[in-house]
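Have a look at the structure below, then the notes.
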Number of protein chains: 2
Amino acid sequence: MTITQLKYALSIAEHKNFTKAAEKCFVTQPTLSTQIQKLEDELDVVIFDRGKKPIELTEVGRKIVFQARNIVNEAERIQDIVDQQKGFIGGEFRLGIIPTVMPTLLPMFLQNFIKKYPKVKLKIEELTTEEILTRISDGHLDAAIAATPLESDNIKERVLYYEPFVAYVPNNHRLRDKKTIEVSDLDIDDMLLLEDGHCFRDGVINLCKSFKDQIDDSFQLESGSIETLIKLSNEGLGMTLLPYLHTLDVKEKLNPNLRHFKEPSPAREVSIIYHKSELKMQIIDALHNVISGIIRGAIAFQNVEIISPLPK
Amino acid sequence: MTITQLKYALSIAEHKNFTKAAEKCFVTQPTLSTQIQKLEDELDVVIFDRGKKPIELTEVGRKIVFQARNIVNEAERIQDIVDQQKGFIGGEFRLGIIPTVMPTLLPMFLQNFIKKYPKVKLKIEELTTEEILTRISDGHLDAAIAATPLESDNIKERVLYYEPFVAYVPNNHRLRDKKTIEVSDLDIDDMLLLEDGHCFRDGVINLCKSFKDQIDDSFQLESGSIETLIKLSNEGLGMTLLPYLHTLDVKEKLNPNLRHFKEPSPAREVSIIYHKSELKMQIIDALHNVISGIIRGAIAFQNVEIISPLPK
DNA sequence: TAATTTTATAGTCTAAATTTATAATAATGA
DNA sequence: TCATTATTATAAATTTAGACTATAAAATTA
C-alpha cells in the first residue's frame with residue numbers, strides 16, 4: 001500500500017470516474033485501474049463497485065477512503081513541518097469567503113497580503129457557509145472566512161472581528177426619526193432579506209425572532225445582494241440591515257439613511273475557519289494576522305452582542 | 001515520500017543506528033541509507049545528524065519522525081478496517097501486564113482466549129506501569145493490563161474489574177483477633193511492601209497515607225514478589241496486603257491469616273489500556289470481553305473504594 | 001596505528017509504476 | 001435495435017524505483 005495509491009483512490013471516490021480522476025492525478029487511466037486493482041488485491045477487498053454508473057464505493061470502500069483522507073492529510077503535514085522549519089510561507093492556498101463578507105473584506109486585505117506573502121498562491125472562491133463546510137471537510141478548501149460560531153465538530157474557528165449590524169431606514173419609514181435603533185424596534189415583516197442560503201439572512205431572522213417568536217414567512221421581498229437590498233429599500237419597500245463594513249460603501253448622499261443600534265449592538269462574529277487537522281497553519285496564521293491588523297483600523301466597536309448565523 | 005521510507009526513518013530514530021534499524025526492517029543497510037537520503041533530498045532537510053554517535057535526530061527530524069509515527073499508525077488502521085469488515089480477528093498482538101496482575105489473571109483467561117481467537121498471536125510481556133506507558137506511546141505495545149486510573153493523555157482505559165485489597169495477618173500480630181480490618185487499623189511501619197516500581201506498592205502506600213500523613217520511610221522490608229511477602233509475613237516480620245485474586249492461591253492452611261476489609265473495601269481498578277489511536281480495537285474488545293466474562297465468576301465485590309496506583 | 005564498527009557509494013538486478021495501444025463493456029441516442 | 005460514445009480493463013513495452021552485493025570512506029575503539 002502506497003500513499004500514491006491512496007491518493008488515486010481519493011480522486012476516484014471524488015470524481016466517481018477513473019478517467020477524470022486520472023486526469024486530475026496527471027497520470028493515464030490504466031495507471032489508476034492497475035494501481036487500484038493492486039490495492040484491492042493486497043487488502044483483499046473490493047473498494048469500488050464498477051457495476052454501478054457512476055461508480056460507487058462499497059461499504060468497506062467508504063471506510064477505506066475516509067481513512068485514506070486521514071493518511072494523506074497526515075502525510076501532507078510533513079511538508080508543513082518542513083516549511084515551518086524553513087520559515088517558508090507559500091504554495092497554493094484555497095480560501096472560501098461568504099458572499100456578504102467577500103466584497104467588503106477582500107479589497108481591504110488582499111493587496112496587503114500578497115505583498116507580504118508573495119509566495120502564497122491564493123485561490124479565492126465565493127461560497128455559502130454550507131458549501132464551505134463540506135469543502136473544508138473533504139479537503140477542497142484550506143480555510144474560509146465565514147460568520148461564526150458554527151458548532152461543527154471537524155472545523156476550528158479563529159475570530160477575526162465583530163461586525164455590528166447597521167439599520168438602513170429609507171425616507172418615510174416609521175423608524176426614520178429615531179437616532180439610534182433598538183432590537184425591539186425591528187419587525188421582520190417590513191425587513192428586506194437576502195435570499196435563502198445566506199447566513200446573514202439567518203442572522204437577521206434570529207435577531208428579529210429574539211423579540212417575536214412567530215415569524216410569518218408568507219411574503220418577504222428577498223434579494224441576492226446587499227446592493228440590491230439598498231435599492232429596494234430606497235424604493236420604499238421596507239427597511240433592511242447591513243453589516244457594518246458595507247455601510248462604508250454606501251454613497252454619501254444615502255448616509256442619512258443609516259441608523260446604528262443602541263449598544264450593545266447586535267453583531268456578527270466573522271472568523272477564519274479551517275479543518276481540525278490544522279494543515280497549512282502557517283498560512284492561516286498569516287491570513288489571520290494580516291486581516292485582524294487591517295480590521296483593527298476599520299472597526300472599533302467593543303460592546304456588541306453576537307447573533308448566531310445558523311438557521312434555527 | 002513513501003510509507004516505507006517513513007517506517008525506515010522510525011526504525012532508525014528508534015535504534016539510533018542504520019545497521020540495526022535495517023535488520024529490524026529486514027532489509028540491508030545500504031537500502032536504508034539510500035532511502036533516507038532520498039527522503040531528505042525530497043524534503044530538502046536533514047533528518048538525522050550522522051555526525052553524533054550514536055546518531056541523533058535534528059530538530060526538524062524529531063518533528064518529522066513524530067509525524068511519521070502518526071502516518072504509519074493511520075496507515076496500519078486500513079488493515080484494521082479490512083479485518084473488521086471480514087470479521088477477522090487475528091495477527092500479532094503485543095500485550096503488557098504488570099507483575100502483580102500477571103500470575104493470577106493470565107492463567108485465568110489465556111487458554112480461554114487462544115481457544116476463542118486462535119488466529120491472534122499474543123506476545124505477552126511482564127512490565128511495570130512505567131514501561132508500559134512508554135511502550136504504548138511509542139507503538140511497541142498494542143495494549144496492556146494495569147492498575148488505573150493513570151491520567152495519561154495518550155492512553156485510553158477500559159475497566160476490567162475491581163480487585164479488593166485483602167490483609168494478610170500472621171500469628172501473634174496485633175490485628176490477629178479482628179475479624180474484619182479497617183483502613184484506620186493499618187500502619188505503614190509494620191507493613192511489608194513490594195519493592196519500588198510496583199504500582200501495587202504505591203497503592204498500599206496511598207491507602208496507608210489516607211490516615212497518616214507523614215510516612216517515615218527509614219526502614220521497610222521490601223520484596224519483589226507477593227509470594228515472598230507472604231513468606232516474610234509468616235516469619236513474623238509484619239503484616240501485608242494482597243490483591244484479592246492472589247488470596248485464591250494462598251495455601252489452605254494459611255487461609256486463617258486472611259482478613260477482609262470492612263466495606264467499602266479499598267480496591268484497585270484493573271483495566272485494559274491502549275493508545276488513543278485505537279489501533280487493533282477488535283482484539284482489544286475481544287480481550288476485554290473474555291477477561292471480564294471470566295472475572296465475573298471470580299470477583300463478586302460491589303462496594304469498593306478505588307485506591308490510586310500512582311505515586312504521589 | 002591497526003582493528004572494528006558504521007555509514008556512504010557504485011554497480012547490478014528485479015520488481016513496480018507508468019505509458020501507449022487496444023480490447024471489452026456499458027450507456028446513449030438515432 | 002444497432003451504431004456511437006464513454007468508460008474501464010488488459011497487454012506489451014518502457015521507465016523508474018527499490019533492493020542487493022561489494023566495497024569504499026569515515027569514525028570509533030583497542
Side-chain angles (χ1 to χ4, degrees), chain A residues 1-58 60-62 64-65 68 71-72 75-76 78-79, chain B residues 1-58 60-62 64-65 68 71-72 75-76 78-79:
Chain A
M1 189 179 79
T2 66
I3 294 173
T4 312
Q5 287 172 350
L6 297 178
K7 284 182 181 168
Y8 292 165
L10 284 176
S11 186
I12 296 168
E14 183 186 336
H15 298 100
K16 310 205 174 306
N17 179 313
F18 278 64
T19 316
K20 279 176 199 146
E23 279 170 31
K24 297 281 175 179
C25 295
F26 306 107
V27 292
T28 59
Q29 166 267 314
T31 299
L32 289 213
S33 284
T34 51
Q35 285 310 112
I36 295 300
Q37 277 172 39
K38 274 189 56 179
L39 182 61
E40 289 180 326
D41 284 354
E42 183 182 336
L43 299 176
D44 193 30
V45 287
V46 177
I47 298 173
F48 296 103
D49 182 353
R50 288 99 159 154
K52 308 268 176 59
K53 303 281 154 145
I55 282 171
E56 276 181 23
L57 283 162
T58 62
V60 233
R62 237 189 315 282
I64 289 174
V65 164
I71 297 168
V72 171
E76 282 176 358
I78 294 272
Q79 188 59 56
Chain B
M1 189 180 79
T2 67
I3 294 173
T4 312
Q5 287 172 350
L6 298 178
K7 284 181 181 169
Y8 292 165
L10 285 176
S11 187
I12 296 167
E14 182 185 337
H15 298 101
K16 311 205 173 306
N17 178 313
F18 277 64
T19 315
K20 279 176 200 145
E23 278 170 31
K24 297 280 176 179
C25 294
F26 306 108
V27 291
T28 59
Q29 167 267 314
T31 300
L32 289 214
S33 284
T34 51
Q35 285 311 113
I36 295 300
Q37 277 173 40
K38 273 189 56 180
L39 181 61
E40 289 180 325
D41 283 355
E42 183 183 334
L43 298 176
D44 193 31
V45 287
V46 177
I47 298 174
F48 296 102
D49 182 352
R50 287 98 161 156
K52 308 269 177 55
K53 302 280 153 146
I55 282 173
E56 274 181 26
L57 282 163
T58 62
V60 232
R62 236 188 317 280
I64 288 173
V65 164
I71 297 169
V72 171
E76 281 175 359
I78 293 273
Q79 189 59 56

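To find a chain, count down the sequence lines: A is the first, B the second, and so on, and within it residues start at 1.
Taking atom CD on A:Gln5 and atom C1' on C:dT18, their separation rounds to 13 Å, with Å as the unit. For the pair A:Lys16 NZ and C:dA26 P, the computed distance is 20 Å after rounding to whole Å. The interatomic distance linking A:Tyr8 (OH) with D:dT8 (P) rounds to 16 Å, in whole Å. If you measure from atom CD1 of A:Ile36 to atom P of D:dT7, you get 18 Å, rounded to the nearest angstrom. Atom P of nucleotide C:dA26 and atom CD1 of A:Ile55 are separated by 13 Å, given to the nearest angstrom. For the pair B:Ile12 CD1 and C:dT7 P, the interatomic distance rounds to 9 Å; values are reported in whole Å. Nucleotide D:dA6 holds its C1' atom 13 Å from the CD atom of A:Glu23, rounded to whole Å. Spacing between atom CZ of A:Phe18 and atom P of C:dA23 amounts to 21 Å, rounded to whole angstrom units.
Distances shown here put every side-chain N or O of B:Ser33 at or beyond 4.0 Å from the OP1 or OP2 atom of C:dT7. At least one side-chain nitrogen or oxygen of B:Thr19 sits closer than 4.0 Å to the OP1 or OP2 atom of C:dT7. Dashed line: the shortest gap from a side-chain N or O of A:Arg50 to OP1 or OP2 of D:dT7 is not under 4.0 Å. Not one side-chain nitrogen or oxygen of B:Asn17 sits closer than 4.0 Å to the OP1 or OP2 atom of C:dT5.
The environment of B:Lys16 atom NZ is dense: over 12 non-hydrogen atoms of other residues, nucleotides or ligands sit within 6.0 angstrom.
B:Gln37 comes within contact range of the sugar-phosphate backbone alone, with a heavy-atom separation under 4.0 Å but no base atom that close. Within 4.0 Å (heavy atoms only), B:Phe48 reaches no atom of the nucleic acid at all.
For the pair A:Phe48 and A:Thr58, the minimum side-chain heavy-atom distance is 4.5 Å or more. Residues B:Ile47 and B:Ile12 form no side-chain contact, since every pair of their non-hydrogen atoms from C-beta on lies 4.5 Å or further apart. Looking at B:Tyr8 and B:Leu39, their side chains never come closer than 4.5 Å, going by heavy atoms from C-beta outward.
Checked options A:Gln29, A:Gln35, A:Gln37; the residue passing with A:Ser33 is A:Gln29 (criterion: side-chain hydrogen bond (donor to acceptor under 3.5 Å, both in side chains)).
Nearest nucleotide to the B:Thr34 side chain, out of D:dT21, C:dT9, D:dA11: C:dT9.
Judged by distance alone with a 3.5 Å cut-off, a donor-acceptor contact links the side chain of A:Gln29 to the base of D:dA9.
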